[in-house]
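Scroll down for the structure; my scribbles are underneath it.
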Amino acid sequence: MSRWLDFDRRLREVDEDIQKLERLLAAPSISEERRSQVRAQIAEIRQREEQIVREVFSHLTAWDNVLLARHADRPYTLDYIGAIFDDFVELHGDRRFGDDPAIVAGLAPLEGRTIAVVGHQKGRDVKERQFRNFGSARPEGYRKARRVMRLAERLGYPVVSFVDTPAAESRLEAEERGIANAIAENMLVMSSLATPIVAVIVGEGGSGGAIGTAVADHVMMLEHAIYSVIPPESCAVILEAFGRDPKRGPEAAEALRLSAQRTLELGAVDEVIPEPPGGAHRDPGGAAERVKKAIIKAIQRLESIPTETLVTARYAKIRNLRHYEEQ
Amino acid sequence: MSRWLDFDRRLREVDEDIQKLERLLAAPSISEERRSQVRAQIAEIRQREEQIVREVFSHLTAWDNVLLARHADRPYTLDYIGAIFDDFVELHGDRRFGDDPAIVAGLAPLEGRTIAVVGHQKGRDVKERQFRNFGSARPEGYRKARRVMRLAERLGYPVVSFVDTPAAESRLEAEERGIANAIAENMLVMSSLATPIVAVIVGEGGSGGAIGTAVADHVMMLEHAIYSVIPPESCAVILEAFGRDPKRGPEAAEALRLSAQRTLELGAVDEVIPEPPGGAHRDPGGAAERVKKAIIKAIQRLESIPTETLVTARYAKIRNLRHYEEQ
Amino acid sequence: MSQHRPTDNRSGAEAVPEGLWTKCRQCGNMLYQPEVSDDLYVCRHCGHHSRLTARQRIAITADEGSFREHDSAMRTSDPLDFPGYLEKLREDEAQIGLRDALVWGECTIDGIPVSFAAMDFSFRGGSMGAVVGEKFVRAAEHSIERRIPLLVFACSGGARMQEGIVSLLQMAKTTAAVGQMGRAAVPFIVVYTDPLTAGVFASFASVADIVIAEQQSLVGFAGPRVIERAFKIKLPPGSHTAEFQFEHGMVDIVVSRRELQPLLVRILRLVSPRREADAE
Amino acid sequence: MSQHRPTDNRSGAEAVPEGLWTKCRQCGNMLYQPEVSDDLYVCRHCGHHSRLTARQRIAITADEGSFREHDSAMRTSDPLDFPGYLEKLREDEAQIGLRDALVWGECTIDGIPVSFAAMDFSFRGGSMGAVVGEKFVRAAEHSIERRIPLLVFACSGGARMQEGIVSLLQMAKTTAAVGQMGRAAVPFIVVYTDPLTAGVFASFASVADIVIAEQQSLVGFAGPRVIERAFKIKLPPGSHTAEFQFEHGMVDIVVSRRELQPLLVRILRLVSPRREADAE
Ligand SMILES: [Zn+2]
Ligand SMILES: [Zn+2]
């Protein structure tokens with residue numbers, strides 16, 4: 001169903017082969033002749049690998065992107081924060097009810113300026129995933145993010161938002177404390193916050209849970225991230241067009257145009273950040289480097305705009321999305 | 001211990017006598033002669049009553065004021081709202097967690113303009129008292145008040161705050177949801193809200209629970225209301241000066257200067273509104289009329305001031321309270 | 001903003017299924033059709049509030065003959081070229097007589113001019129796509145230009161998934177427009193009606209100045225059945241209702257449909273005092 | 001604002017009771033006096049954090065010799081002429097060497113200039129009257145004038161009841177001053193230390209940009225014993241602590257005193273980036 005999934009498995013096998021050969025190289029007993037043989041072998045495998053990567057990634061399906069965006073090895077928000085910033089002082093709590101670990105927020109230095117960072121954090125292992133509620137934020141998470149963004153506005157720091165969530169938490173406790181209100185108020189505040197906002201969808205940009213921290217002057221998206229109104233499986237279950245069959249998620253993904261390029265063309269994001277060959281999880285450092293450069297470039301541009309102009313332009317961008325016909 | 005308390009009891013007896021006589025007057029069988037006798041009797045009692053009232057009220061103690069402020073028949077916020085405004089659309093909820101009936105908030109018309117009203121509501125009978133938590137507000141109450149005050153700011157309505165609370169709710173649930181933060185954020189917002197704010201302490205202005213809705217351009221206080229950092233009984237329990245004896249509350253009340261006049265002299269309120277003879281509870285309509293006039297006068301004055309000047313002056317008033325020596 | 005197309009504000013009655021008698025969905029009692037609209041589509045027997053079409057809502061809310069619809073011709077461009085979407089739209093258009101799930105215009109209510117929008121759950125489940133978003137924003141802009149309140153009746157199943165990411169963005173677009181109203185100091189009143197969920201509840205409908213809800217309306221971020229299915233849990237009775245949202249501080253006032261109109265008039269008088277004075 | 005009175009920032013050590021050995025209040029172990037300040041007044045055996053006087057706090061926080069106190073002579077005017085109040089003040093003055101419960105001034109921390117205030121629980125239970133309020137506001141104004149962060153160590157039993165309504169008003173006064181800092185875009189950092197309750201917790205200390213708390217500090221609106229007595233209830237263990245407040249979202253970071261200084265330096269570097277650049 002996913003070409004990429006098979007390919008990802010094969011690629012890992014190739015990686016293992018290379019590792020084996022590299023261990024061979026490192027052995028002291030190896031002869032100089034054998035060594036150069038092995039080197040050539042490695043180079044050949046690598047070339048083949050690159051070719052395969054290029055080939056497979058040149059025609060990924062929407063469903064491939066869904067699987068890539070959800071890949072368990074994909075770098076998460078805290079990975080990006082750790083790689084991009086020299087320091088990060090995490091702030092906690094919404095000053096109302098609690099602290100939601102599904103959203104992290106804090107201050108970080110970036111080339112001489114201070115940035116307010118917010119982002120969903122999915123969690124790497126089983127324990128962290130539970131702690132982080134799989135990146136599904138509760139009202140407290142959105143309110144913490146809002147508090148830190150207001151702090152950024154007050155003190156004149158740009159905001160960087162990392163978006164990576166399957167969806168906002170929707171169970172009863174979240175409903176009771178106003179998850180809908182929390183998302184809506186965040187969008188309201190972000191739509192007129194008097195400081196530059198940059199958002200990066202790094203993995204799953206899941207519906208209301210995502211847009212609740214993704215209203216920004218410059219919205220970027222990693223090449224294999226997804227930004228979707230609904231998980232494709234759920235879409236397939238709901239719509240007759242897909243026989244109400246969750247297995248037809250890949251078709252729904254295609255219908256929903258889940259690719260960064262199409263998302264860009266539809267005007268929902270302003271820039272696509274290319275990932276390292278094979279996807280961000282194959283080179284987290286390289287991915288972070290690209291994200292960092294894109295963030296810095298965006299902030300530099302936004303910083304040069306007077307705040308009032310910035311806020312007006314942000315509203316105009318959000319408001320002027322069309323996609324309708326007037327008769 | 002309270003001259004006024006005995007007096008209040010006596011006064012009620014006198015009232016009953018008058019009522020009896022008035023019933024007599026209404027009887028169809030009464031002769032014209034007897035009727036004029038009764039009329040004279042009533043007039044004499046009334047005169048005596050007025051004299052007693054004047055005499056007793058001319059030298060009320062601080063403790064008398066405490067008892068008057070807490071009097072079970074004293075008009076409460078909703079009584080004032082009902083008497084002062086032709087309509088009142090009550091708004092509910094903090095958009096975060098719940099609705100606190102200990103604080104009411106809403107919109108009301110006042111001489112052609114719309115006012116945002118907030119106020120503690122103690123509750124008249126046992127059932128309402130429990131429902132209203134005796135006027136001890138939870139974080140939700142302060143946050144509801146803040147929400148409605150922000151609405152007032154946005155739409156350009158003056159705010160009127162009625163203050164009448166023994167104290168903010170302090171039990172564990174209130175602590176968990178940030179009662180301290182709720183009070184502090186209210187003061188923060190009120191100290192720079194871009195619309196006129198008038199506060200009236202109508203009964204008990206109890207400590208943090210009171211000041212959490214009493215930061216205003218013009219703070220008024222009814223003649224027998226109290227505005228205190230601590231209930232005098234608690235003060236007596238804590239301080240050696242009163243032998244840590246709750247029964248010495250009257251002494252503590254004296255030491256705390258619990259009179260509207262002294263509160264005015266200390267700069268804590270800007271105006272004292274005289275109550276009808278015998279206290280607001282003896283003539284709720286008359287009390288409301290006086291409060292209404294005072295509110296209208298204050299708002300008219302404040303409306304004529306440019307908003308920026310208003311907010312600057314409000315801060316200056318709050319900031320410039322002195323009572324220290326620099327030697 | 002420029003297309004003023006007067007419509008008969010009673011035409012909504014046509015959307016009611018034909019026949020002299022109709023059955024109450026809650027108690028099963030038969031209702032005599034000619035009385036139904038006089039009763040505001042509330043069952044005489046059990047008080048059940050029927051869902052109203054946008055036209056029915058306009059008919060029972062706006063002063064008679066005062067409603068002038070704007071942008072009635074606006075249609076989605078089907079930005080994703082989504083399978084089967086256009087066909088479904090054409091079906092709903094034919095059946096309901098609307099081109100999308102929100103009708104907006106200007107009208108007076110008890111003589112007070114308002115910018116007015118009503119969503120229609122019968123059109124694609126009241127879902128919000130590019131047209132609903134744009135019409136909402138135009139209604140907001142109209143209220144800013146004219147300095148009159150915006151009154152919106154909201155019912156919706158959420159975002160219009162056939163418009164994909166475009167529909168998600170309407171959440172930000174409509175909410176940002178509410179921010180513009182705030183800055184322009186024009187009041188925004190929303191009435192939650194049955195059912196209101198997901199993307200509309202979690203956007204403009206949650207940030208209104210005053211939130212009213214019709215009693216017993218289903219109101220929630222996720223529909224209760226969606227949650228029960230997804231998390232395999234049983235929800236307590238009464239969750240995700242207007243009353244539940246009121247209890248949790250999300251709604252200002254819950255009312256029956258009979259009480260709604262006088263309440264709206266009181267509120268509109270309060271938030272349009274100068275207008276009222278002008279009219280006198 | 002004008003009185004720059006240099007003080008020896010190590011003089012706080014004198015406030016520690018004399019004698020070579022002192023007993024830990026938590027575990028009862030004996031602590032060797034000369035080591036106590038090196039240990040930041042944290043017990044070597046059980047980690048108990050002793051309460052610090054304002055001078056001790058300054059000594060372990062400010063760069064050595066950098067603290068310049070302001071307004072050290074300020075005294076309350078005893079606005080209520082409250083029975084026995086002046087005598088108590090004179091006692092505390094004599095014993096603690098302060099004229100009220102807050103010391104403020106300017107200093108550097110790791111070279112970064114800050115406006116700095118520390119409250120002293122040993123002076124009238126760290127209660128806030130006219131002097132604490134005024135000094136806090138002056139510290140805030142100093143940070144606005146100099147465009148440097150304000151760092152405040154807060155510990156307090158609440159309002160100074162002997163100053164009656166005047167002490168209550170300090171809640172509004174200090175909180176309003178925080179609003180001024182917000183408008184002037186200067187950062188305000190507060191550290192909650194044991195114990196922090198009532199009027200100070202419910203005013204400026206709750207509206208700081210960043211809230212840090214020393215671990216295990218008592219932090220609450222009403223002290224737990226006050227509540228247990230007043231409502232005749234038993235509170236669960238661990239309520240009204242720094243950790244409890246963190247759990248409920250009221251505190252950004254809970255730290256041990258050993259971790260505090262490096263954290264403050266990191267934060268001050270972040271919130272004073274231009275200052276840092278200037279210094280280089
Ligand atoms: Zn029925
Ligand atoms: Zn110890």
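Residue C/Arg225 qualifies as open at atom CZ: its count of foreign heavy atoms under 6.0 Å is 12 or below.
Each of A/Ala182, A/Ser192, A/Ala167 has some count of heavy-atom pairs under 4.5 Å with chain C, and the biggest count is that of A/Ser192. For the options C/Ile233, C/Asp78, C/Val207, heavy-atom pairs under 4.5 Å to chain A are most numerous at C/Val207. For the set A/Ile183, A/Asn186, A/Leu321, the entry with the most heavy-atom pairs within less than 4.5 Å of chain C is A/Leu321. Comparing C/Asp100, C/Val178, C/Val166 by how many heavy-atom pairs each has under 4.5 Å with chain A, the most go to C/Val166. Options A/Asn320, A/Ile230, A/Val189, A/Leu188 differ in how many heavy-atom pairs under 4.5 Å they form with chain C, and the most are formed by A/Leu188. Per-residue counts of heavy-atom pairs under 4.5 Å with chain A were compared for C/Gly158, C/Ala177, C/Gly182; the largest is that of C/Ala177. Here C/Ala172 is the residue among C/Pro83, C/Ala172, C/Gly84 with the most heavy-atom pairs under 4.5 Å with chain A. Most heavy-atom pairs under 4.5 Å with chain C: of the set A/Ala252, A/Ala241, A/Cys235, this distinction falls to A/Cys235. Among A/Leu258, A/Ile238, A/Val229, the residue making the largest number of heavy-atom pairs under 4.5 Å with chain C is A/Val229.
Looking at C/Asp81, the atoms closer than 4.5 Å to chain A (heavy atoms on both sides) sit in the backbone and in the side chain alike. Neither the backbone nor the side chain of C/Arg160 comes within contact range of chain A; no heavy atoms are under 4.5 Å apart. At a 4.5 Å heavy-atom cutoff, the contact between A/Tyr227 and chain C is made by backbone and side-chain atoms alike. Only the side chain of C/Leu235 comes within less than 4.5 Å of a heavy atom of chain A; its backbone N, CA, C and O stay farther away. The parts of C/Met171 that come within reach of chain A are both its backbone and its side chain, each placing non-hydrogen atoms under 4.5 angstrom from that chain.
Geometrically, A/Arg177 engages A/Phe97 in a cation-pi contact defined by less than 6.0 Å to the ring centre and at most 45° from the axis. Figure legend: cation-pi geometry between A/Arg171 and C/Phe231, with NZ or CZ positioned under 6.0 Å from the six-membered ring centre and within 45° of its axis.
To the nearest 0.5 Å, the span separating OG on C/Ser167 from CE on C/Met161 amounts to 8.5 Å. Atom CD1 of A/Ile318 sits about 5.5 Å away from atom OG of A/Ser191, to the nearest 0.5 Å. Taken to the nearest 0.5 Å, the CD atom of C/Gln170 stands 10.5 Å off from the CD1 atom of C/Ile165. One distance of note links CG of C/Asp252 with CG of C/Asp209; it measures 9.5 Å at 0.5 Å rounding. Considering CZ of A/Arg146 and CG of A/Leu151, their distance stands at 14.0 Å, rounded to 0.5 Å.
For residues 189-205 of chain C, the interface with chain A (any heavy-atom pair closer than 4.5 Å) comprises C/Phe201, C/Ala202, C/Ser203, sorted by residue number. Residues from residues 205-221 of chain A that place a non-hydrogen atom less than 4.5 Å from a non-hydrogen atom of chain C comprise A/Ser207, A/Gly208, A/Ile211, A/Val215, given in numerical order. Contacts between residues 259-272 of chain A and chain C, defined by a heavy-atom separation under 4.5 Å, are made by A/Arg262, A/Thr263, A/Leu266, A/Gly267, A/Ala268. When the heavy atoms of residues 240-248 of chain C are compared with those of chain A, the residues falling under 4.5 Å are C/His240, C/Phe244, C/Gln245, C/His248, listed by number.
Under the 30°/60° scheme for interplanar angles, the aromatic rings of C/Trp104 and C/His70 are found to be tilted.
When every heavy atom of A/Val118 is checked against every heavy atom of A/Ala105, the shortest pair comes out as CG1-CB, 4.0 Å. Across every non-hydrogen atom of C/Ala222 and A/Ser170, the tightest pair is CB-CB, 3.7 Å. Residue A/Ala225 comes nearest to A/Ile201 through the heavy atom pair CB-O, 3.4 Å, listed as atom of the first residue, atom of the second, then distance. The two residues C/Ala130 and A/His323 come nearest to each other via the heavy atoms CB-O, 3.2 Å.
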Requested in this report: Could you go through the salt bridge (Lys or Arg N to Asp or Glu O under 4.0 Å) check for A/Glu240 and C/Lys88 one step at a time?
Outcome: CA-CA 11 Å; A/Glu240 278 174 52; C/Lys88 291 283 178 194; 3.6 Å; yes
Report task. Determine, step by step, whether C/Asp71 and C/Arg138 satisfy the salt bridge (Lys or Arg N to Asp or Glu O under 4.0 Å) criterion, reporting the C-alpha distance in whole Å, the side-chain angles of both residues, the deciding distance to 0.1 Å, and the verdict. Result -> CA-CA 9 Å; C/Asp71 302 317; C/Arg138 291 193 182 184; 2.9 Å; yes
Query raised in the report: Given A/Asn65 and A/His224, is the side chain to side chain donor-acceptor pair (under 3.5 Å) satisfied, shown in steps?
Result: CA-CA 5 Å; A/Asn65 277 325; A/His224 304 299; 3.0 Å; yes
Query raised in the report: Should C/Glu134 and A/Arg319 be marked as a salt bridge (Lys or Arg N to Asp or Glu O under 4.0 Å) after you check the CA-CA gap, both sets of side-chain angles, and the distance that decides it?
Result: CA-CA 8 Å; C/Glu134 178 69 18; A/Arg319 190 256 169 275; 3.0 Å; yes
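Under a 4.0 Å N-O distance rule, the pair A/Arg70/A/Glu204 qualifies as a salt bridge. Checked for salt-bridge contact, A/Glu140 and A/Arg95 miss the test: no charged N lies under 4.0 Å from a carboxylate O. Ionic pairing of A/Glu233 and A/Arg248 is not present here: no N-O contact between side-chain nitrogen and carboxylate oxygen is shorter than 4.0 angstrom.
Not less than 6.0 angstrom separates the ring centroid of C/Phe116 from the ring centroid of C/Phe136.
Evaluated for a side-chain hydrogen bond (donor to acceptor under 3.5 Å, both in side chains) with C/Thr76, the options C/Arg99, C/Gln162, C/Glu163, C/Arg124 yield exactly one hit, C/Glu163.
Not one N or O on the side chain of C/Arg68 forms a donor-acceptor pair closer than 3.5 Å with the backbone of C/Gly105.
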